[in-house]
Amino acid sequence: MDSGQLFNITTIAYFAAMVLFFAYIATKNKTVALIATLSSLAGFLIQTTALGLRWYESYQILGADGRAPLTNLYESVVFFAWSILLIYLLMDWKYKHRTIGAFVLPIALFSMLWAQMSLHASIDPLVPALQSNWLTYHVITCFLGYAGFAVAFGVSIMYLLKIGKEEKHQGDEPMGGILGMFPSTRVLDDMNYKAIMIGFPLLTLGIVTGAAWAYYAWGTYWSWDPKETWSLIVWFLYAAFLHARFTRGWVGRRAAWLSVFGFAATLFCYLGVNLVLSGLHSYGSG
Amino acid sequence: MTAKKKSLTDSTWDFLCSLKLAIITVLLLALTSIIGTIILQNGAPADYIREYGQANYELFKKLQFIDMYHSTWFIALLALFSVNLICCSIKNFPRVWKFVREPALVASAGIFKGSANRAEFSCKGSKEQVAELVATVLKKEFTKTILTEQDDKLYLFAQKGIYSRFGAYITHLSILIIMAGAVIGNVWGYKAFVNIVEGSSIDQVRSRNGTGPIDLGFTVRCDDFDVSYYPNSNRPKDYNSDLVILENGQEVLRKRIEVNDPLTYKGIKFYQSSYGSAGNAFFKIRATEKATGKVIDIKAHQGRHAQLPGGYSFAITNFTENDRNFGPAMQLHVNTPDDKHGAPFIVWQNHPELDLKRDGVFSFALLGFEQPQYTGLQVAKDPGVNIVWAGCFLIVFGSLTAFFFSHKRIWVCLEDNGKKTKVLIAGNAHRNQPGFSLAFDDLLQKIEATAKNESPKKEG
Ligand code: HEM
């Protein structure tokens, strides 16, 4: 069994979990929700094992030059999926709103599919600039931050779907149908905020560790290269979100839209900069 | 007149303190930052003209898009952001400080009416007795209480996590600290580079923004440079330089630097950044005069005559890394003192014994082939960097404090009511109210149970 096969099983587990979450929304059957959650947990555990295995494999292939599986585009996309599941499962454990899985797992599933189907999975040795512990800390913190924003995004989409209908909805009786299964818009709004509150300090830490890495590798902690600048843009956006929220009452719809924009900027920072713009950062050409 | 003037200052102050301004500046910073990620920064004029045409290039120059992160308008935006942050903190901090200096020991009627978390019950006993019971529960389950007597009523106050009120201010302060560190680094530091050929030394570096040479005040020598590759690939694995710092000709520091591991001396850091070949390759040749056994070592360049004792000379005319699996080999010939060409012959590096058998005045051995290299170093002096790191530490610490801790307060008011005591309880938290509500209800149950002299009801 190699890590690639385990990643395939992970993908299948996430797919199953996603379908089950959809089924739960359609059927309102609690057992289905439980199985969905268990299968996302199983996928997560398998993926954790696979990441460890890939780490081990890197030592088999590269000898003493083995490294944490966090260095090329394939590995980062896989790690992105793992981070999303980690944050999602933590929030599920704490708040137990099962339907959210239906809007978060697709992001993780899509990442896994993309990585498995069209990215290079080979374990290559690292050029000297990437041989740094700071890089490992940098990648971990940034991606956990991105994952917080991804969960916030999923929740915001649910909010936007629900609020439109809710405003048209007449009468006092609770909404029926699929949207009736979603947590209340108040809860969704709060979860959006909570997920961003997890993501923001992590992104801050990610930017700081990235600066430390650049400092040890090149002698400048900040050089306004496109990747750095975009991470700052994302950081500014979420800072604006936080302030708009608690002082100007930007809750609900506006907060949800800000979260959607924030996640779009996050994705651009992660992928767009490498695929569209050019910069110092090395992965993306893979 | 004065009133109008005052109101102008006031409204300027209010404007500078406002969060509306903060949100607009932050969004503007985010939006304008995009420009510099799309348009090449600090490129050559030709690059822009080719890409965007002459007219647009002129426009970019006017708008300072060529180096936008150092443009007047971007710096001004950053300055406005900082002023906003400072003013806002000055304005709001006293309010937070008041929480510390003058905690609301005695809850107003408003607190009991307005709190989301409140309860009221009566129980037997004097208010002193009940106060004691409630204080004990709070001490055990929450934190210690402060007792105040006022208007014939007893008040209890307990609070936790007041420091979390400072989280936002620590975060804001750390942003200013980071910016201050960056300014210090820009004003009193520099970014430069230098290439040092192996074996040579330098005492000046070249500024990266083209402002001429910078004197280091000491000498840096590169004793050796090495690059190693991954097996069967031309992907570099490591490159490193043996650097020596000399002061007045005395060696004071020596370090083998590599990528991600620079050398620091007197606040100046030397980073391994590139390398390349410098000058012509040379051969290390050992010639032995057969008659006397005298040995001489010579550095010879291909195609150039090198002198030997007694007026002889030799020249290397060809070289190969691998001659029919015998390894590196060179072809050379010897000229006599009267400049007559000798017949060419071959010397294999791995088989020096073969040349001993050849007729001639000298025998030759090839000791090695060397391509002198230079090591490319980035040189940086940044006296602000530690301030930046301190700010970075604080910003992480501050935002975690702001987000994940909250200031929780509980007030109790006890009032005689005939033979009974009326108990009012209220509590609030400045964030995560739902979480606090649960904890409050739990606490309330315990207080009520104790005050009414029962054991807490079992849940479920
Ligand atoms: C991008 C830069 C900024 C960051 C990262 C930042 C960060 C924070 C954080 C983490 C909090 C606590 C949030 C909370 O309690 O939910 C906060 C609160 C606050 N921020 Fe900022 N901030 C920034 C810029 C600004 C600016 C420019 C202003 C200027 C007016 C400002 C004014 C405030 C105020 C008034 C509060 C509430 C303080 C309180 O609770 O007493 N912030 N900020």
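All heavy atoms count here, side chains included; hydrogens, waters and symmetry mates do not. All chains are named by letter (A, B, ...) in the order of the sequence lines, taking the proteins before the strands, and each is independently numbered beginning at 1.
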Next item on the list: Could you tell me whether the side chains of S3(A) and Y56(A) share a donor-acceptor contact shorter than 3.5 Å?
Entry: no

Next item on the list: Count the heavy atoms of every other residue, nucleotide or ligand shown that sit under 6.0 Å from CH2 of W257(A), and state whether that count exceeds 12.
Entry: no

Check: Pick from Y221(A), W224(A), W134(A), Y216(A): which one has the most heavy-atom pairs with chain B under 4.5 Å?
Finding: W224(A)

Check: Would you call K269(B) and D382(B) a salt bridge, using N to O less than 4.0 angstrom?
Finding: no

Item checked: Portion of F241(A) that has a non-hydrogen atom of chain B nearer than 4.5 angstrom -> neither

Notebook entry, point to check: With ring centroids as reference points, do F149(A) and F263(A) lie under 6.0 angstrom apart?
Noted result: no

Item checked: Option in L237(A), V234(A), T229(A), T204(A) with maximal non-hydrogen atom pairs under 4.5 Å from chain B -> T229(A)

Notebook entry, point to check: Looking at C392(B), G398(B), S399(B), which makes the most heavy-atom pairs under 4.5 Å with chain A?
Noted result: C392(B)

Notebook entry, point to check: Which region of L232(A), side chain (C-beta onward) or backbone (N, CA, C, O), has a non-hydrogen atom less than 4.5 Å from a non-hydrogen atom of chain B, or is it both or neither?
Noted result: neither

Note to self: Can you tell me which portion of A211(A) sits under 4.5 Å from chain B's heavy atoms? Options are side chain, backbone, both or neither.
What the structure shows: both

Next item on the list: Below 4.5 Å from any heavy atom of chain B, which atoms of W222(A) appear? Answer side chain, backbone, both or neither.
Entry: neither

Check: What part of L242(A) gets closer than 4.5 Å to chain B, counting heavy atoms only: side chain, backbone, both or neither?
Finding: side chain

Note to self: Under 4.5 Å from any heavy atom of chain A, what part of I268(B) do you find: side chain, backbone, both or neither?
What the structure shows: neither

Notebook entry, point to check: For atom OH of Y69(B), is the number of surrounding heavy atoms from other residues, nucleotides or ligands below 6.0 Å larger than 12?
Noted result: yes

Notebook entry, point to check: For residues T37(B) and W230(A), is any side-chain donor paired with an opposing acceptor at under 3.5 Å?
Noted result: yes

Check: Is any NZ, NE, NH1 or NH2 atom of the basic residue among R256(B) and D238(B) found under 4.0 Å from an Asp or Glu carboxylate oxygen of the other?
Finding: no

